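Computed from a predicted structure; not experimentally measured. Worth knowing before you read on, the calculation uses all heavy atoms, side chains too, and leaves out hydrogens, waters and symmetry mates.
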Number of protein chains: 2
Amino acid sequence: MDYAPILNNIAKYVTLTEEEEIYFTSFLHYKKVKRKQYLLEAGDVNTKISFVTNGCLRSYAVDKNGGEHVLQFAPPGWWIVDMRSMLTHEPARLNIDAIEETELFYILKADLDALQLKYPKFERFGRMLAENAMATYQHRQIDNMILNAIERYSNFCTLYPSLILSLPQKQVASYIGVTPEFLSKMLNTVVIK
Amino acid sequence: MDYAPILNNIAKYVTLTEEEEIYFTSFLHYKKVKRKQYLLEAGDVNTKISFVTNGCLRSYAVDKNGGEHVLQFAPPGWWIVDMRSMLTHEPARLNIDAIEETELFYILKADLDALQLKYPKFERFGRMLAENAMATYQHRQIDNMILNAIERYSNFCTLYPSLILSLPQKQVASYIGVTPEFLSKMLNTVVIK
DNA sequence: ACTAACCCTTAATCTATATTAACAATTTCC
DNA sequence: GGAAATTGTTAATATAGATTAAGGGTTAGT
């Protein structure tokens, strides 16, 4: 099994000893999910955190009319989780599924807890990962408060340059918070044809 | 100086030894800010994280027309920071000011770094604090994606029960993302008069 | 290679919320 | 205690983006 992608991700934050690497990888589960297959369904408890090595996942919530609203895409190198559900064991509000065939590693919350108690370096890693995620969500919220749809689209292109080409436009629309019809209109009006 | 409020907050997550408590409190700075006085101005680098013991702070961003949009209120027991600015030393996008006369403790990021290297228990505390904040922002984002203005107002009342009474309505409107005029209309239409 | 499912576009109509303006009520602070 | 600033209300008008509907194009799985 090739653990390099996930170990490289961790190496951005902390430097593991060989012992720590071995212990950590012993907790990793490898999984392959097919297009449209669920990794988490709203209502279930989120018991693991996943790291994508290939393909792409998405997390989304469903409104009372059944409309899907994408919270996050996870292309290779991204982590994905319903954090509140994992922390409190409440039912998840998020669904996580695969946009295309996807490979990932996951680690169970219970194993992660053990890992962090044994090696404080994983507390440090977890702190940094959560701090970065918090900073990202803070600024996403600011963007949503002060930017219009065109500006949010432009932000999206900067954040996920690889996805803009491969993703159906309706998924992008869902992420930036407009209907597919409105995004289509925007893209065919703003640019000089 | 009465450190009880901030020590009680930390005790929710980790149990400090007397040595750790003394070391930690030696890094704390006490500050009193008057109504409308800034703790952080957008454009400056956020170098500290603050914990409110009395009064109330708010963080907000300003749009291109000069409109203010509240990201967070911090009544007693809450932490407040522009996390990205603190992590990367980029200029802050958030302003933080006092809604009323407010007392707080702050700790400099540089001191916090030293503290966490010396005592892993503060890594653990920092991880849990950041994970909770991330969970909160994830669910705030979900709320904003799937709820309408009335439902967001109702959420606000649950989240900040003490503030609904003391805060000017226009601040509430700014937090939930509507104009003061619209909130006024909502409140005088929805309820049977 | 075929078929069903999915995706994109256009256009007409609709709606939640914004904007502007004017005035009354309340709060702050000198 | 009173002037100045801030806050809340109402109503008319405006707008960003939603909804609905329909046709044509593209993709995926058999």
Side-chain angles (χ1 to χ4, degrees), chain A residues 33-37 55-56 58 60 62-70 73 97-102 143-156 163-193, chain B residues 33-37 55-56 58 60 62-70 73 97-102 143-156 163-193:
Chain A
V33 275
K34 293 211 180 64
R35 195 173 124 83
K36 296 192 179 179
Q37 192 184 318
C56 189
R58 89 225 242 248
Y60 66 94
V62 177
D63 66 33
K64 59 190 164 209
N65 303 315
E68 297 181 356
H69 302 260
V70 174
F73 294 105
D97 70 3
I99 284 190
E100 54 187 273
E101 178 147 302
T102 298
D143 286 340
N144 288 343
M145 292 188 310
I146 71 182
L147 304 180
N148 64 22
I150 298 156
E151 294 164 328
R152 296 199 305 275
Y153 177 80
S154 147
N155 267 194
F156 183 95
L163 293 187
I164 251 320
L165 301 161
S166 64
L167 220 51
Q169 214 163 279
K170 62 179 294 205
Q171 298 292 342
V172 179
S174 175
Y175 180 95
I176 68 173
V178 295
T179 55
E181 293 83 359
F182 188 69
L183 177 57
S184 171
K185 190 157 115 188
M186 257 173 48
L187 294 179
N188 291 290
T189 307
V190 170
V191 180
I192 294 106
K193 295 192 87 169
Chain B
V33 276
K34 292 209 182 64
R35 196 172 121 85
K36 295 193 180 181
Q37 193 184 315
C56 188
R58 89 222 241 248
Y60 66 94
V62 177
D63 67 32
K64 59 192 165 210
N65 303 316
E68 296 180 357
H69 302 260
V70 174
F73 295 105
D97 70 4
I99 284 191
E100 53 187 273
E101 177 147 302
T102 298
D143 286 340
N144 288 344
M145 292 187 311
I146 72 181
L147 303 181
N148 65 21
I150 297 157
E151 294 165 328
R152 295 199 306 275
Y153 177 80
S154 146
N155 267 191
F156 182 95
L163 294 186
I164 248 328
L165 301 162
S166 65
L167 221 49
Q169 214 164 280
K170 62 179 293 204
Q171 299 291 343
V172 179
S174 174
Y175 180 95
I176 68 172
V178 296
T179 56
E181 292 84 356
F182 188 69
L183 177 58
S184 171
K185 192 156 115 190
M186 256 173 50
L187 294 179
N188 291 291
T189 306
V190 171
V191 180
I192 295 108
K193 296 192 88 169

For A:Lys36, which contact category applies under a 4.0 Å heavy-atom criterion: base, sugar-phosphate, or nothing? sugar-phosphate
Across the strands shown, which category fits B:Gly67 at heavy-atom distances under 4.0 angstrom: base, sugar-phosphate, nothing? nothing
On a heavy-atom basis, which atom in [X] and which in [Y] lie closest, and how many Å separate them?
| X | Y | value |
| --- | --- | --- |
| A:Leu183 | A:Gln169 | CD2-O, 3.5 Å |
| A:His69 | B:Ile146 | CD2-CG2, 3.7 Å |
| B:Thr102 | B:Ala98 | OG1-CB, 3.9 Å |
| A:Arg58 | A:Phe73 | CB-CD2, 3.8 Å |

Interatomic distance where [atom1] belongs to [X] and [atom2] belongs to [N] [whole Å]:
| X | N | atom1 | atom2 | result |
| --- | --- | --- | --- | --- |
| B:Lys185 | C:dT19 | NZ | P | 13 Å |
| B:Lys170 | C:dT19 | NZ | P | 14 Å |
| B:Glu68 | D:dT6 | CD | P | 11 Å |
| B:Met186 | D:dT9 | CE | P | 12 Å |
| B:Ile176 | C:dA18 | CD1 | P | 9 Å |
| B:Gln171 | C:dT27 | CD | P | 15 Å |
| A:Asn65 | C:dA16 | CG | P | 12 Å |
| B:Leu187 | D:dT10 | CG | P | 11 Å |

Counting only side-chain nitrogens and oxygens, does [X] get under 4.0 Å of the OP1 or OP2 atom of [N]?
| X | N | result |
| --- | --- | --- |
| A:Asn148 | D:dA16 | no |
| A:Gln169 | C:dT9 | yes |
| A:Thr179 | D:dA18 | yes |
| A:Arg35 | D:dT27 | no |

Whether B:Asp143 and B:Arg152 form a salt bridge (side-chain N of Lys/Arg under 4.0 Å from carboxylate O of Asp/Glu) is what I want to check.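 No salt bridge links B:Arg152 with B:Asp143.
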Selected nucleotide, minimal atom distance to A:Glu181 side chain, candidates D:dG17, D:dA18, D:dT20: D:dT20
Closest nucleotide of DNA chain D for B:Leu183 versus for A:Ala149: which of these residues is on the 5' side?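 Of the two residues, B:Leu183 wins.
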Start at the 5' end of DNA chain C and walk down; is the nucleotide closest to A:Pro168 or to B:Gly177 reached first?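 It is A:Pro168 whose nearest nucleotide is closer to the 5' end.
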